[in-house]
Participant: 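So that we are looking at the same thing, I have put the structure below in structure tokens.
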Amino acid sequence: MDSMHEDFIYQDTRKRKEDDRRLGPEVTSGAPVTWLDDDDIDKLDLSLSIDAANMFFNRVDSAEIIYQAKKKSCKMVGKYVMGDVLGEGSYGKVKEVLDSETLSRRAVKILTKRKLRRIPNGEQNVRREIQLLRNLKHKNVIELLDVLYNEEKQKMYLIMEYCVGGLQEMLDSAPEKRLPLFQAHRYFVQLLNGLEYLHGCGVIHKDIKPGNLLLTLDHTLKISDFGVAEALETFADDDTCTTGQGSPAFQPPEIANGQESFAGFKVDIWSSGVTLYNITTGQYPFEGDNIYRLLENIGKSQWEPPESLYKLDKHLTTLILGMLQADPQHRFTLPQIRNHPWFIGAPEKTGPPIPFPPLKGDELRRSTVLPYLEAYHYATDRDNEDVYFTEHDLNQQLAKQAAAHRSATKSKHGSVSGGSSTTKKRPRKTVSCISVRKLTSCRPS
Ligand SMILES: Nc1ncnc2c1ncn2[C@@H]1O[C@H](COP(=O)(O)OP(=O)(O)OP(=O)(O)O)[C@@H](O)[C@H]1O
């Protein structure tokens, strides 16, 4: 197997992990399964097996199930107070933190040496990411603010600017999996600004896709995840690259066809074109039943923009066509994109933008660090006693929270916007559960 295919298999695993995270893995239970054929079933004494099952599985009424609230124990890494997990990539978890000196919200990527060793080129990719990010500073590129090491725990902490969400989760939550044109335009302009800066610094990102475009609260787009990016030599003659490790659906034909060397900047133009196509239509220009078919289709590059795209916007179609030219020499350059009519003329605002979806049930995406600080500063011995909830308590608590949120929104905006959505959206659990026990076993005798 050549190294390109190894890279893609590795990327495919990362993609699957990402899909699992978004869609849920196909198999959720890790318990071993014994399959019985018809003969085995005929031989079974069913009355006996039902009795046997009752010996192991006690039927418990849902009202009897209780939940124990997870105790928040405040943890600090350097001057940063740790909050909840924001997401997880193939390299490690990302958590929210609070800078205790500036009181700024930040994100930390936690990397363990043990995990990095298990990922092909893991340590090398992280070293490169740190080195690259340290030298970059632009409004549309995620900023690396601090790097901390814990030798004892063999952990590394990358402190970054905090983003309130990502383009991929926004797309996932959108009814048609796409953004209104005016919103897509707003993000695409920022993507181009960030790319222009990166290319000016001789950096090729190589993995531009909605999943790597994060957003701050004021909708500033931040290009993130420089795990497979490449910095050209200072006096390099051109932008020739030899390795491509990005996500398959966003790769250009020259990489899909296994070309040994290719023009790096044009790789980012292609994947930005696929990104633009994806965020405006909810689809991909190239698909495939499996990764090899997908790469084959990209490699052939027989692509016709669908009629629906022309109907959407004629200028947008010609821009995407220019960015998805199979021949890198004919593919648009950044200045060509900047001077394109769709780029210059912002589409008219039609309706509301797609909002950030709630994070773990919280529509406002409030700081997850504060509950840890409250627990640290205000917890008394009484608070430290085990607290148990029945399912009924939880539902009541959630209903109260939802009502409080509704009335807060009402007083802020004068009326409740999208009345039906408040009835459709069921508030999700806000109490995290660490144990499920039978109520009777917890009552004092
Ligand atoms: N600066 C940040 N602010 C807020 N959330 C972030 C930040 N960086 C990452 N995240 C969240 O953490 C998740 C994991 O990020 P990370 O960069 O580790 O991996 P990824 O890009 O999703 O995947 P992979 O590294 O496997 O390609 C992201 O999907 C995002 O939801």
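All values below were derived from every heavy atom in this structure, side-chain atoms included, with hydrogens, water molecules and symmetry-related copies excluded. Order of appearance sets the numbers: ligands from 1, and atoms from 1 within every ligand.
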Participant: Any atoms of ligand 1 less than 4.0 Å from a non-hydrogen atom of Val94? List them with their elements.
Facilitator: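 With Val94 as reference, the close atoms of ligand 1 come out as 6 (C), 7 (C), 8 (N), 9 (C), 10 (N), 12 (O), 14 (C), 15 (O), 18 (O).
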Participant: Taking only residues two or more places apart in sequence or in another chain, which ones pass side chain to side chain donor-acceptor pair (under 3.5 Å) with Lys177?
Facilitator: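 Side chain to side chain donor-acceptor pair (under 3.5 Å) list for Lys177, sorted by chain: empty.
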Participant: Any chance you could measure Phe332, atom CZ, to Ile320, atom CD1, to the nearest 0.5 Å?
Facilitator: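 If I round to the nearest 0.5 Å, the distance is 11.0 Å.
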Participant: Taking non-hydrogen atoms only, is Lys222 closer than 4.0 angstrom to ligand 1 via side chain, backbone, both or neither?
Facilitator: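 No part of Lys222 comes within reach of ligand 1.
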Participant: When you look at Ser247 and Asp207, which way does the side chain to side chain donor-acceptor pair (under 3.5 Å) test go after all the steps?
Facilitator: CA-CA 6 Å; Ser247 311; Asp207 200 13; 3.0 Å; yes
Participant: Would you call the rings of His340 and His315 parallel, tilted or perpendicular, taking 30° and 60° as the class edges?
Facilitator: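 Perpendicular, since the angle between the ring planes exceeds 60°.
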Participant: Out of Ile223, Asp225, Leu167, Ile142, which residue meets the side-chain contact (heavy atoms from CB on, under 4.5 Å) rule with Asn212?
Facilitator: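 Only one of Ile223, Asp225, Leu167, Ile142 forms a side-chain contact (heavy atoms from CB on, under 4.5 Å) with Asn212, namely Asp225.
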Participant: So how far is it from Ile204 CD1 to Leu232 CG, rounded to the nearest 0.5 Å?
Facilitator: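 So the gap between those two atoms works out to 4.0 Å.
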Participant: Going by the atom numbers of ligand 1, which of them fall below 4.0 Å from some non-hydrogen atom of Asn212?
Facilitator: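 Atoms satisfying the 4.0 Å criterion: 21 (O).
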Participant: Quick check: Glu169 and ligand 1, any N/O pair under 3.5 Å apart?
Facilitator: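 No; the residue has no nitrogen or oxygen that sits under 3.5 Å from a nitrogen or oxygen of the ligand.
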Participant: Out of Gly89, Gly246, Gly227, Ser247, who is nearest to atom 23 (O) of ligand 1 when you count heavy atoms only?
Facilitator: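 The option holding the nearest heavy atom is Gly89.
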Participant: Please report the interatomic distance CG(Asp268) to CG(Leu195), rounded to the nearest 0.5 Å.
Facilitator: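 Interatomic distance, Asp268 CG to Leu195 CG, rounded to 0.5 Å: 5.5 Å.
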Participant: Which option, Ser224, Cys163, Gly211, Gly165, owns the non-hydrogen atom nearest atom 3 (N) of ligand 1?
Facilitator: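 Result: the heavy atom closest to atom 3 (N) of ligand 1 is in Cys163.
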Participant: Which of the atoms in ligand 1, numbered in the order shown and given with their element, are less than 4.0 Å from a heavy-atom of Ile142?
Facilitator: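 Counting atoms of ligand 1 from 1, those under 4.0 Å from Ile142 are 1 (N).
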Participant: So do the side chains of Glu96 and Val369 get within less than 4.5 Å of each other, counting heavy atoms only?
Facilitator: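 They are in side-chain contact.
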Participant: Side chain, backbone, both or neither: which part of Asp207 has a heavy atom under 4.0 Å from ligand 1?
Facilitator: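 Looking at Asp207 and ligand 1, no heavy atom falls under 4.0 Å.
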Participant: What is the distance from atom CG of Leu215 to atom OH of Tyr187, rounded to the nearest 0.5 Å?
Facilitator: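 The distance works out to 5.0 Å.
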Participant: Counting from 1, what ligand 1 atoms have a heavy atom of Gly87 closer than 4.0 Å?
Facilitator: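 Taking each heavy atom of Gly87 in turn, ligand 1 has 12 (O), 13 (C) under 4.0 Å.
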Participant: Would you mind running through ligand 1 and noting each atom that sits below 4.0 Å from a heavy atom of Met160?
Facilitator: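 Close to Met160: 1 (N), 8 (N).
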Participant: Within the 4.0 Å heavy-atom shell around Lys109, which atoms of ligand 1 are there?
Facilitator: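 Contacts of ligand 1 toward Lys109, numbered from 1: 16 (P), 17 (O), 18 (O).
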Participant: With a cut-off of 4.0 Å, which atoms of ligand 1 are near a heavy atom of Ser90?
Facilitator: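 Listed by number with element: 24 (P), 25 (O), 26 (O).
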Participant: So which bit of Ala107 gets within less than 4.0 Å of ligand 1, heavy atoms only: side chain, backbone, both or neither?
Facilitator: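 Only the side chain of Ala107 comes within reach of ligand 1.
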Participant: Consider every N or O of Glu161 and every N or O of ligand 1, then say whether any pair is closer than 3.5 Å.
Facilitator: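 Yes, Glu161 has an N/O under 3.5 Å of an N/O on ligand 1.
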Participant: Output all residues satisfying salt bridge (charged side-chain N to carboxylate O under 4.0 Å, His left out) with Glu176, sequence neighbours left out; order by chain, then residue number.
Facilitator: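 Partners of Glu176 under the salt bridge (charged side-chain N to carboxylate O under 4.0 Å, His left out) test: Arg178.
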Participant: Nearest non-hydrogen atom to atom 5 (N) of ligand 1 belongs to which of Leu359, Asn125, Leu86?
Facilitator: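 Answer by nearest heavy atom: Leu86.
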